[in-house]
Amino acid sequence: MDNREERIDEIGMGGFKVIQGDGFSYGVDAVLLAAFASGETGAKPIRSRIPARIADLGTGNGVVPFILAHKLPLSQIVGIEKNRVSLDRAIRGREINNLNDRISFVLSDVAVAGAELCRKADAVVSNPPYVPAEAIEDAETARYDPDRALFGGGEDGLAVPCAVVHRAAGLLRPGGALVMEHDPRQGGELRD
């Protein structure tokens, strides 16, 4: 892998670090997603099942699993990512954070991911790109990175969250929780 344009950043929790490229970097939405999923905001999607099995669909550089590993120290987490460069960063981040026994990463498209998790995950989390590529002028400030492979995405941007919802249904145990960040304009479509 060409690592010349990378940096290692502290995530501010547990001394954990994340490897990021010079393009898209994780933002506050990833931190808020992990806080909500872990129960810090009053919600209890994962806290009711400790230790929990958690799947992160579209894990990118692994920041959400790293944050969840800090917040839910007994959990086992699998991150699923389609982009090889992002997955490589996640794997190397797992190693520098000494989380090899708690986090695994899988190279796969969300649409076909996680056969080994089928109906076993207590929770599925996802912070998918949801903005159509055609609507982006500045990829550095937008919620989409054109270099990052979309998982099951369509041109309207909605297919990505719908692919997450569809795939999560096959991964979750009965009573499991899906925690997903999405564009508020998509709320009605996702409920349908």
Side-chain angles (χ1 to χ4, degrees), residues 3 5-43 45-46 54-72 75 77-94 96-97 99 103 105 110 123-153 156-165 168 177-187 190:
N3 301 333
E5 302 298 326
E6 290 183 339
R7 66 184 187 280
I8 299 175
D9 293 330
E10 297 270 341
I11 63 171
M13 291 171 225
F16 292 153
K17 298 173 175 70
V18 64
I19 300 172
Q20 302 197 94
D22 62 350
F24 179 79
S25 296
Y26 83 91
V28 71
D29 51 344
V31 177
L32 292 173
L33 175 73
F36 184 85
S38 69
E40 288 185 351
T41 62
I46 297 175
I54 304 164
D56 179 24
L57 301 183
T59 199
N61 62 15
V63 69
V64 171
F66 301 153
I67 296 170
L68 287 172
H70 170 71
K71 294 180 181 298
L72 301 169
S75 297
I77 306 160
V78 60
I80 300 165
E81 177 59 45
K82 179 180 176 181
N83 181 283
R84 289 182 186 275
V85 173
S86 295
L87 184 72
D88 177 65
R89 288 179 181 142
I91 291 169
R92 289 184 288 125
R94 176 189 66 194
I96 65 172
N97 290 315
L99 292 169
I103 298 175
F105 291 107
V110 166
V124 172
V125 297
S126 187
N127 184 17
Y130 52 76
V131 178
E134 297 78 23
I136 304 303
E137 292 179 21
D138 182 1
E140 289 297 314
T141 59
R143 179 57 193 94
Y144 172 85
D145 180 0
D147 295 329
R148 188 167 163 216
L150 291 178
F151 41 90
D156 63 356
L158 181 60
V160 172
C162 287
V164 170
V165 170
L178 167 62
V179 182
M180 180 177 72
E181 190 271 340
H182 65 84
D183 186 318
R185 295 170 292 183
Q186 296 172 326
L190 287 171

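Computation of the quantities below employed the complete heavy-atom set of this structure, encompassing side-chain atoms and omitting hydrogens, waters and symmetry-equivalent molecules.
A pairwise comparison of heavy atoms in P65 and G62 identifies CD-O, 3.1 Å as the closest pair. The heavy-atom pair separating A30 from I67 by the smallest distance is O-CD1, 4.4 Å. Scanning all heavy atoms of the two residues, the minimum distance from N97 to F16 falls at OD1-CA, 3.2 Å. Contact between K71 and A34 at its shortest, heavy atoms only, is CD-O, 4.0 Å.
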List the steps, then state whether side chain to side chain contact (heavy atoms under 4.5 Å, CB included) holds for R7 with S25. CA-CA 10 Å; R7 66 184 187 280; S25 296; 2.7 Å; yes
Does I80 form a side chain to side chain contact (heavy atoms under 4.5 Å, CB included) with F105? I'd like the steps, not just the answer. CA-CA 6 Å; I80 300 165; F105 291 107; over 6 Å; no
Going through the distances and angles, do M13 and V31 end up as a side chain to side chain contact (heavy atoms under 4.5 Å, CB included)? CA-CA 10 Å; M13 291 171 225; V31 177; 3.9 Å; yes
For the pair V78 and D56, evaluate side chain to side chain contact (heavy atoms under 4.5 Å, CB included) and give the outcome as yes or no after the intermediate values. CA-CA 6 Å; V78 60; D56 179 24; over 6 Å; no
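Using modelled atom types, one side-chain atom of S126 and one backbone atom of L57 make a donor-acceptor pair closer than 3.5 Å.
By the 4.5 Å heavy-atom criterion applied to side chains, F36 and V125 are not counted as neighbours. In this structure, the side chains of Y26 and V64 stay at 4.5 Å or more apart for every pair of heavy atoms.
A distance of 7.0 Å separates OG in S86 from CG in N61, rounded to the nearest 0.5 Å. For the atom pair I103 CD1 and I91 CD1, the distance stands at 11.5 Å (nearest 0.5 Å). For the atom pair CD1 (I77) and CD1 (I54), the distance works out to 4.5 Å, reported to the nearest 0.5 Å. Separation of atoms CD (E181) and CG (L33) is listed at 7.5 Å; rounding is to 0.5 Å.
In summary, E81 and R89 do not engage in a salt bridge, as defined by a charged side-chain N under 4.0 Å from a carboxylate O. Of the charged side-chain nitrogens involved, none lies within less than 4.0 Å of a carboxylate oxygen, so that R84 and D88 do not count as a salt-bridged pair.
Remark: A168 engages V124, L172, L178 in a side-chain contact (heavy atoms from CB on, under 4.5 Å) (not counting sequence neighbours). Every residue two or more places apart in sequence or in another chain that forms a side-chain contact (heavy atoms from CB on, under 4.5 Å) with I8 is listed here: K17, I19, I96.
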